[in-house]
Amino acid sequence: MPKLYLETVGCQMNVLDSELVVGSLRRQGYELAHTPEQADVILFNTCSVRQHAEDKIYSALGRLRPHKRKYPDKVIGVLGCMAQKDQELIRKRAPHVDLIVGTGQLAQLPALIRNVQETGTLQIALSLDRTAGRHEVERSFESYDPLRDPSMRPNRFQAYVRIMIGCDKFCTYCIVPSVRGPEQSRPPEHIAAEVRQLAGEGCKEVTLLGQTVNSYKYGRLRLGDLLAKIHDTPGIERIKFITNFPKDMTDDLLDAVRTLPKVCPYLHVPAQSGCDDVLRRMKRLYTVGFYNDMLARSRELVPGVAISSDFIVGFSGETEESFERTCDLVRTGGFKNSFIFKYSPRPGTKGHELYADDIPEEVKKRRNNDLLAIQNEVSLQDHRRMIGKRVEVLVEGPSKNAWKHETTGPIQLTGRTPTDHIVVFDGNPRLAGATVAVDVVEATAFTLFGDVVTGEHATRSSDGDDTAPAKALDTATRISLPIL
Ligand code: SAH
Ligand code: SF4
Ligand code: F3S
């Protein structure tokens, strides 16, 4: 059987794309390999959001050069956002690459691999302009997304479901609109059918994906309506959605989150900055005042909601004073957690064209560390408030530390609450996939620690499949973690 090695960087969209690539290649008889050396086809699903993500791929490609010289029949491919953006550069920096395939063309991959093997020539499939991109994207919704491969997911009871593709917001720092193409919402019937299929395969939690997921719009149908439409799918216990755009956080959507019991009270709504000047140069289309009102409205309409955010430090022209305002927003925002990034200028964006990358690297680093320290303190307070409470945890499997000490009894398990808090506790590995009650006894800024509640009402559901945890661990090693 031919063997496939696939490495993934980037956001959840890329993780999902990789699952679909594996699904389609398995149907062609491929088996997964754990290292590039063992594989006949070596693929990288790439990200361009920051320079660091691109550098990682070029180093990996560089390391494979001698290997390809020794085994010229092996096929090496670059997929996804960086392929879409930089075909010339890839050909120059990594001439041993056989395949360059954009995000909208992944469905063609099996045929393209065959072409390389038959003709020995470089195969390129990209959306060359936005119109072509739109066409390919439509095709991908119709013909590609339903091919799911549960064994490629870290576990079989959680899955991503794409409800939108692309982005039309054009924040000035961001490359995503040019690599993922125009914003398009997927037909609700297709989404509902995919959710039913996943539920049939044992999936209990779906996370709906979109670059600005709350901008979803199909005819008159909005995200709140879509949540209601899929809500009653038998077998589905939890519904999450990421990532939200602050301007599109409507009361209708918040009402849906409050009233639909399976929809988790967790919102990821990146602020990016706490300074109006910076937000204006970023073209985020809102002010700090608007963002703060949105936070207050969300908490009022969805009691107990957990909110998380993203911030960019060191964007062009960010003064110490601008940065202080961002610190204030993090101090007062009450975020469960925030992802903090140093600004990485992206050629091809308005930000790169219009503004200089004028904040020195050391300053970016310092601001990153300072903001992280503030957020960690806020997260710690947020987590400490949960000590003494009983939470409902969907068990994901053994924690990272679980296999360090040999034990015959319970092992350390990890899972998440509906508010997306990570909870670690000791329990039987067969609990993976079950929803259990846990009493929180200790907390750090990142993790809650607790005791699983035993007794008749403790476990809401478990299918008692003993193979689940082992399978989860085995397959989790096959995709590298997303860098976001
Ligand atoms: N669509 C999502 C985010 C996509 S990118 C949204 O609009 O929120 C994920 C995160 O990467 C962004 O929230 C932003 O914080 C960060 N990011 C995007 N472009 C960046 C850049 N050029 N430099 C540094 N961070 C960036
Ligand atoms: Fe990028 Fe802005 Fe679109 Fe998010 S909303 S993907 S940050 S352009
Ligand atoms: Fe990266 Fe593409 Fe996602 S650029 S963040 S993998 S959409």
Side-chain angles (χ1 to χ4, degrees), residues 7-18 44-54 56-57 78-86 102-104 106 133 137 160 162 164-183 209-216 241-249 267-274 278-279 281-286 291 307-316 318 326 335 337-353 355 357 359 361 364 367-368 371 479-484:
E7 203 169 302
T8 307
V9 292
C11 62
Q12 292 87 351
M13 271 304 172
N14 261 17
V15 174
L16 174 57
D17 281 339
S18 287
F44 296 92
N45 196 7
T46 62
C47 173
S48 286
V49 82
R50 284 172 290 277
Q51 188 59 44
H52 173 71
E54 296 191 345
K56 230 177 122 163
I57 298 300
V78 178
L79 320 178
C81 295
M82 195 177 97
Q84 181 60 46
K85 174 172 157 276
D86 285 332
T103 53
L106 294 175
V137 166
Y160 291 130
R162 194 188 330 260
M164 296 172 75
I165 203 158
C167 181
D168 283 343
K169 297 285 194 278
F170 287 96
C171 304
T172 56
Y173 52 82
C174 185
I175 196 69
V176 171
S178 37
V179 290
R180 287 275 173 179
E183 179 180 304
L209 293 187
Q211 292 301 341
T212 54
V213 73
N214 57 342
S215 318
Y216 179 85
F241 53 93
I242 49 175
T243 296
N244 293 284
F245 192 67
K247 281 267 320 204
D248 293 332
M249 195 55 90
L267 303 172
H268 183 57
V269 201
Q272 310 300 358
S273 170
V278 174
L279 286 174
R281 281 199 302 280
M282 287 177 163
K283 204 168 143 286
R284 284 292 283 184
L285 310 172
Y286 53 84
Y291 187 86
I307 300 176
S308 61
S309 193
D310 293 354
F311 289 92
I312 297 175
V313 295
F315 185 64
S316 314
E318 185 190 67
T326 300
F335 302 117
N337 66 292
S338 289
F339 297 97
I340 297 165
F341 306 104
K342 290 178 291 175
Y343 174 52
S344 171
R346 308 280 65 215
T349 61
K350 276 279 169 221
H352 180 257
E353 187 186 312
Y355 312 116
D357 178 26
I359 309 298
E361 181 60 25
K364 286 182 185 173
R367 289 181 185 170
N368 192 325
L371 199 58
I479 25 177
S480 68
L481 278 177
I483 56 147
L484 291 181

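For the single chain, residues carry numbers from 1 onward in sequence order. All values below come from the heavy atoms of this structure, side chains included, with hydrogens, waters and symmetry mates left out. Atoms within a ligand are numbered from 1 in the order they appear, just like the ligands themselves.
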**Prompt:** So, for F315 and T172, which heavy atoms are closest and what is the spacing to 0.1 Å?
**Reply:**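 Scanning both residues, the minimum pair turns out to be CZ-OG1, 3.5 Å.
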Proximity to ligand 2 by part of [X], non-hydrogen separation under 4.0 Å:
X    : answer
Q272 : neither
Y173 : side chain
P177 : side chain

Test item, [X] contacting ligand 1 (heavy atom, 4.0 angstrom):
X    : value
V49  : yes
K342 : yes
F245 : no
R284 : yes

**OP:** Examine the side chains of R284 and Y173 and answer whether a donor and an acceptor come within less than 3.5 Å of each other.
**Re:**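 There is such a pair (donor and acceptor under 3.5 Å, judged by atom type) between the side chains of R284 and Y173.
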Looking only at side-chain N and O atoms, does T8 offer a donor or acceptor that is under 3.5 Å from a partner on N14?
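The answer is no; no qualifying pair exists.
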Check your understanding: Quick one: does ligand 3 sit under 4.0 Å from the side chain of C81, the backbone, both or neither, non-hydrogen atoms only?
Key ->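 Answer for C81: side chain.
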Presence of N, O or S from C171 under 2.8 Å of atom 2 (Fe) of ligand 2: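 It does; at least one qualifying atom falls short of 2.8 Å.
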N or O pair under 3.5 Å between [X] and ligand 1:
X    : value
Y343 : no
R346 : no
Q272 : yes
T212 : no
R50  : yes

Which ligand 1 atoms, with their elements, are less than 4.0 angstrom from a heavy-atom of P270?
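Going through ligand 1 atom by atom, the ones under 4.0 Å from P270 are 8 (O).
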Is the ring pair F335/Y291 parallel, tilted or perpendicular, if the boundaries are 30 and 60 degrees?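 Correct class here is tilted.
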Ligand-residue contact atoms, ligand 2 with C167, heavy atoms, under 4.0 Å: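 Per the distance check, 3 (Fe), 5 (S), 6 (S), 8 (S).
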- Student check: side-chain heavy atoms of T349 and F170 closer than 4.5 Å: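 They are not in contact (no side-chain heavy atoms under 4.5 Å apart), so the answer is no.
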Determine yes or no for a side-chain-to-main-chain donor-acceptor pair under 3.5 angstrom, with N214 supplying the side chain and N244 the backbone.
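Checked: no pair found.
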